[in-house]
Amino acid sequence: MFAPRLAILLMISLYDGTLAVRRRQTTQGYRLPETIVPRKYTLEIFTNLEEDDFSFQGKVLIKIQCVKPTNKIILHSKELEIGENDVSLKQVSAVNETINIPITAHSYSKENDFYIVSLEQDLVPGSVYLYYLPFKGKLSEGLAGYYRSSYYDKSANKTKWLAVTQFESTDARRAFPCFDEPAMKATFAISLGHAKHLKAVSNMPLQESKPVPKKADWVLDRFEETVPMSTYLVAFMVSEFEFSEAPKKDTNVTFRIWARKEAIDQVELAKEVGPKVLAYFSKYFDVDYPLPKQDMAAIPDFSAGAMENWGLITYREIALLYDPKSTSILSKHSIANTISHELAHQWFGNLVTMKWWTDLWLNEGFATYVATLGVHHIFPEWKSLDSEAVGDLLTVLSLDALNTSHPVSVPIGHPSEIEQIFDTISYKKGSYLIRMMNMFLGEDVFQKSVSNYLKKHRYGNADQDDLWNALTQEAQAVGVLPSNITVKMIMDTWTVQTGYPLLTITRDYEKKTVTVSQNRYMSLATEGKSDIGNEDQCWWVPLSYTTSKELKFNDTRPKSWLTCNGPVTFDSDVTENDWILFNIKAAGLFRVNYDTENWRLLESSLADENSFNKIDPLNRVQVIADVMGLAWIGKLEYAMAFNIIQYLQHEPEYLPWKTALTSLTDIRGMLRRTPIYGYFKRFIRHLMEPNYRKLGSITDIPDDYEGIKMHTVIVSWSCVSGVGDCEEQILSLFKAWYNEPNPDENNPIPKDLRSVVYCNALKMVGERYWEFLWERYQKSNVATEKQQILSSLGCVRELWLLQRYLTWSINSTKIRKQDSTTVFSSVASNEIGYTVAKNFFMRQFSDIRKYHDTKSSRLGHYIKSLTYQITSEEELNEFQSFLDSVISQLKESEISIKQGIETASNNIAWHAMHYEELSKYFENN
């Protein structure tokens with residue numbers, strides 16, 4: 001049954017209270033005025049990749065339409081030199097003649113990236129004008145706008161350069177003057193001039209290529225006109241890359257994968273996955289992919305993981321290229337998932353685009369969720385639907401417990417704020433909320449509603465209310481929701497406020513009633529209190545549940561709803577010897593706390609080796625996540641939590657293990673610099689030993705994906721905690737590779753164990769193995785292998801090696817800029833390296849910031865890597881004092897800083913609350 005209709009309060013977290021003010025500011029200040037809209041760009045750019053130049057020059061003719069009278073044209077331009085003397089504006093008359101409109105002044109607003117021309121007369125609403133601007137700029141190495149990348153070509157024995165774009169969110173303005181906001185959609189006719197030995201590719205197919213007059217050995221490639229799209233989706237690349245085309249078995253769309261010559265043999269997985277996923281989404285959304293081709297390119301230097309440019313998706317090499325000989329199954333899954341994510345964007349984000357960056361989550365959350373559908377369609381044996389859901393859930397439960405988290409629909413004003421919300425909340429929480437909707441509405445309603453939404457808003461822009469309307473109409477039409485309840489009523493409580501609820505379940509065992517109440521789950525605060533959240537916060541919570549009598553784990557539709565009207569009580573036929581379990585298949589984004597007796601009943605059921613699996617694996621995941629999360633904030637004793645997870649000794653499935661070990665990783669971080677860390681390792685050995693004994697040799701890798709993940713995690717934790725002969729086997733494997741005559745061709749270490757072996761071997765041996773592994777990194781041609789090595793090199797314990805490694809990360813051509821944060825987090829996560837990394841960051845701050853000048857939000861990654869490991873007031877005060885001294889240089893990392901400081905404060909509070917408790921527990925157990 002459904003609760004009575006509720007007039008929902010718009011409750012938003014602390015900084016959201018300024019929503020109305022900030023939205024007014026955006027329309028008056030840094031947003032473009034709503035006086036002119038672009039209709040078509042005719043863009044021509046010439047790219048010079050000579051090492052003494054690295055420049056581009058071009059011209060753009062923008063067909064614009066006046067909406068409101070104005071005597072100014074304002075658009076975006078950043079770090080471009082505009083030829084003001086040649087800028088012109090002409091009105092197109094009814095008979096297609098042009099009339100010159102005199103320009104009286106040129107001006108710039110650097111803060112807002114505005115280029116402004118003042119006109120002699122007002123533009124006329126409804127009239128069309130042709131706005132011509134010549135420009136030129138530099139191909140920087142900043143990984144933003146139109147930039148340059150390089151790689152070493154062994155066959156040619158030289159470094160080769162390419163030029164490529166990365167425009168999301170506001171960097172198209174670095175490549176050409178434009179109306180650089182997502183709602184300012186237009187078509188684009190692009191032409192690219194370049195040296196004849198290079199190749200050009202853009203969003204649309206090549207239409208013609210012709211010689212350039214007065215430029216010997218140059219050509220001008222003209223591409224077909226695009227469909228209407230936002231500027232951040234425009235893309236082009238000039239390079240010596242080669243491509244491999246997929247056969248047209250799954251789709252009529254031309255599908256090509258581009259890469260440097262020496263890596264073109266690593267595109268077979270992408271050729272298989274891409275066309276199949278594209279065909280699947282066309283059918284799933286019931287909307288054909290609208291372009292005639294889809295290119296995907298592996299870029300050596302790339303700031304993001306990948307970018308969904310319409311018709312030309314760009315990737316880091318690690319996210320697209322797959323080598324069967326050395327790429328692990330985990331990396332294979334990641335590559336397939338990234339491809340699926342970017343192809344999902346061709347509909348969610350490209351075909352229908354958010355009106356403003358406030359609803360970025362509509363792009364990223366949806367693409368994250370439906371990517372799992374695409375991967376599951378091709379590789380059902382990977383169980384992606386469950387594994388990705390659990391990964392999202394565990395990450396969100398941790399981050400969104402912070403007071404400094406933010407809503408998925410987050411108010412965005414100045415473009416400098418946008419970069420910070422490309423984060424876990426937009427991607428993973430957004431994805432989990434969409435999964436939750438799917439589960440309480442049903443797959444049929446969800447799929448039909450999404451299709452209707454895409455068809456209604458295709459080639460246009462929408463916000464989350466447009467999606468809510470589509471879902472409500474279909475849900476009410478088939479009776480899933482009654483007419484007095486809308487999806488907006490439910491989902492606004494999840495998207496416009498921060499956090500998630502903790503449900504408290506209270507059973508009256510005599511009356512056989514169950515009472516459900518809610519408040520926000522908050523992590524520990526500095527003062528050690530667990531309930532510091534807004535007491536007025538509440539959510540519409542779908543209540544699904546089963547009992548030890550029913551054992552019904554397949555129906556995720558809610559039996560009732562918990563609303564903001566207060567606790568709900570219902571009758572139950574559950575006896576005092578039966579447990580009740582809420583949130584079937586972890587369908588909802590919340591935690592659950594039961595009374596002590598119900599926890600004991602669940603503990604007993606899980607402890608029984610013959611009956612524990614009667615509880616669905618996803619609900620075993622949820623029980624573990626809940627008891628560990630409740631123990632963390634002091635609402636449950638760790639003795640109870642640890643007693644429950646002891647059942648893992650007979651748990652064969654990976655996801656419950658992943659859940660427990662995620663929480664135990666946090667505890668390990670709290671204890672590894674304390675006197676009781678040895679006791680903690682003994683506890684882990686007790687948990688791991690039964691499973692480690694089943695392995696035999698660690699090189700006996702299972703055949704199935706779930707088995708491989710389970711095997712890897714057991715080996716990893718067993719070696720860290722000193723189980724059996726794990727360390728000896730690790731050393732033996734690495735030594736065999738070290739002594740291999742041709743180590744770059746022959747690696748005896750199983751590819752799915754390499755990260756574990758590399759890291760642990762370096763901990764035990766040090767310099768000799770470090771230099772060997774560094775040499776392998778330099779010689780490797782496989783991005784996934786290089787990434788594994790980079791992450792492992794930070795495991796070494798010699799301080800001088802760690803210091804040198806950090807120094808190389810910001811001043812060596814041997815480590816790419818995109819990988820510098822990987823190096824830093826690798827060192828910082830090493831218990832020996834934490835202090836080295838902290839001192840390096842504080843002493844070299846100016847150099848680090850200068851190195852990342854165009855993406856200063858990257859400094860947030862450095863800060864989080866450090867603050868997440870702070871466990872004492874002295875450490876926090878020292879680091880806080882440093883941050884205060886440089887805070888003016890960290891504006892684009894504001895959210896990361898606040899979250900990092902709050903996490904450090906929570907760590908300190910955790911120590912104050914739990915250290916003695918765990919000391920006694922470990923000593924007695």
Side-chain angles (χ1 to χ4, degrees), residues 24-46 56-137 145 170-191 225 228-232 234 356 413-415 461:
R24 283 197 298 272
Q25 288 176 338
T26 59
T27 56
Q28 296 174 4
Y30 21 83
R31 292 289 299 275
L32 292 174
E34 298 176 351
T35 54
I36 292 166
V37 291
R39 296 302 183 199
K40 177 182 177 180
Y41 293 78
T42 302
L43 174 65
E44 185 178 286
I45 291 183
F46 283 77
F56 62 93
Q57 49 278 329
K59 53 189 178 183
V60 62
L61 181 67
I62 312 175
K63 180 185 288 188
I64 60 176
Q65 187 169 11
C66 179
V67 178
K68 299 175 182 177
T70 180
N71 66 348
K72 284 183 171 57
I73 300 178
I74 302 175
L75 50 61
H76 292 106
S77 175
K78 186 170 185 176
E79 297 173 2
L80 296 174
E81 182 181 333
I82 295 176
E84 295 177 4
N85 293 336
D86 295 315
V87 173
S88 66
L89 179 69
K90 296 182 179 180
Q91 183 177 8
V92 180
S93 70
V95 293
N96 233 21
E97 294 178 346
T98 58
I99 304 167
N100 189 59
I101 306 295
I103 295 172
T104 58
H106 304 260
S107 60
Y108 298 84
S109 170
K110 188 173 181 179
E111 179 186 1
N112 299 317
D113 301 332
F114 287 164
Y115 168 62
I116 306 162
V117 295
S118 300
L119 308 172
E120 192 175 81
Q121 62 194 63
D122 278 356
L123 302 183
V124 179
S127 294
V128 174
Y129 300 83
L130 298 177
Y131 187 28
Y132 173 79
L133 305 98
F135 59 91
K136 56 185 176 181
T170 58
D171 286 321
R173 64 192 67 177
R174 294 178 186 266
F176 60 99
C178 57
F179 297 87
D180 200 11
E181 292 188 358
M184 295 282 195
K185 287 191 170 184
T187 62
F188 294 81
I190 297 172
S191 299
E225 186 173 337
M229 64 189 213
S230 304
T231 50
Y232 77 88
V234 173
W356 183 240
H414 196 279
N461 298 79

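Positions are given from 1, in the same order as the sequence printed here.
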Practice task
Could you tell me the separation between the OH atom of Tyr129 and the CD1 atom of Ile99, rounded to the nearest 0.5 Å?
Solution key: 9.0 Å
Problem - Flag side-chain contact, heavy atom, 4.5 Å: Lys185 against Ser230 - result: yes
Practice task
Taking all non-hydrogen atoms of both residues into account, name the closest pair between Lys68 and Glu34 and its distance.
Solution key: CD-O, 3.5 Å
Practice task
Check the pair Glu111 / Tyr30 against side chain to side chain contact (heavy atoms under 4.5 Å, CB included), numbers first and verdict last.
Solution key: CA-CA 8 Å; Glu111 179 186 1; Tyr30 21 83; 5.5 Å; no
Handout entry: Minimal non-hydrogen separation, Arg174 against Phe56, with atom names
Key = O-CZ, 3.6 Å
Exercise for the section: Give a yes or no on this: more than 12 heavy atoms of other residues, nucleotides or ligands lie within 6.0 Å of atom NZ of Lys59. Expected result: no
Exercise for the section: Sort out for me which residue in Arg39, Glu225, Lys40 forms a side chain to side chain donor-acceptor pair (under 3.5 Å) with Thr187. Expected result: Glu225
Handout entry: Residue pair Thr231 / Tyr41: nearest heavy atoms and the distance that separates them
Key = CG2-OH, 4.0 Å
Completion exercise
Between the CG atom in Leu32 and the NE2 atom in His76, the distance rounded to the nearest 0.5 Å is 4.0 Å
Handout entry: Separation of Glu120 CD from Leu89 CG (nearest 0.5 Å)
Key = 12.0 Å
Fill in the blank from the handout: One should read off an interatomic distance between Ile74 CD1 and Ile36 CD1, to the nearest 0.5 angstrom, of 8.0 Å
Handout entry: Atom of Arg31, atom of Phe114 and distance for their closest heavy-atom approach
Key = O-CZ, 4.0 Å
Practice task
Verify the distance criterion only: is there a donor paired with an acceptor across the side chains of Asp180 and Thr170 at less than 3.5 Å?
Solution key: no
Handout entry: Test item: Ile45 and Phe135 side chains (from C-beta on) under 4.5 Å apart, heavy atoms
Key = yes
Handout entry: Ser118 backbone acceptor or donor facing Thr104 side chain under 3.5 Å
Key = yes
Exercise for the section: Evaluate the criterion side chain to side chain contact (heavy atoms under 4.5 Å, CB included) for residue pair Ile73 and Leu123; output intermediate values, then yes/no. Expected result: CA-CA 9 Å; Ile73 300 178; Leu123 302 183; 4.2 Å; yes
Exercise for the section: Begin with the C-alpha distance, continue with both residues' side-chain angles, and end with the deciding distance and a verdict on side chain to side chain contact (heavy atoms under 4.5 Å, CB included) for Leu75 and Tyr131. Expected result: CA-CA 11 Å; Leu75 50 61; Tyr131 187 28; 3.6 Å; yes
Practice task
Could you pull out the closest heavy-atom pair between Pro177 and Ile82, with the gap in Å?
Solution key: CG-CD1, 4.1 Å
Practice task
Taking all non-hydrogen atoms of both residues into account, name the closest pair between Pro182 and Asn461 and its distance.
Solution key: O-ND2, 3.1 Å
Practice task
Look up atom CG in Leu61 and atom CD in Glu44, then write down how far apart they are to the nearest 0.5 Å.
Solution key: 11.0 Å
Fill in the blank from the handout: CG (Asn71) and CD1 (Ile101) are apart, to the nearest 0.5 Å, by 12.0 Å
Handout entry: Asn100, CG atom: more than 12 neighbouring heavy atoms under 6.0 Å
Key = yes
Exercise for the section: Could you tell me whether the side chain of Ser107 reaches within less than 4.5 Å of the side chain of Ile116, counting heavy atoms only? Expected result: yes
Problem - Minimum side-chain heavy-atom gap Tyr132-Thr42 below 4.5 Å - result: no
Handout entry: pair Leu133-Tyr115: side-chain heavy atoms closer than 4.5 Å
Key = yes
Problem - Phe176 and Phe188 aromatic ring geometry - parallel, tilted or perpendicular at 30°/60° bounds - result: perpendicular
Exercise for the section: State, yes or no, whether a side-chain contact exists between Pro134 and Val87 at a heavy-atom distance under 4.5 Å. Expected result: yes
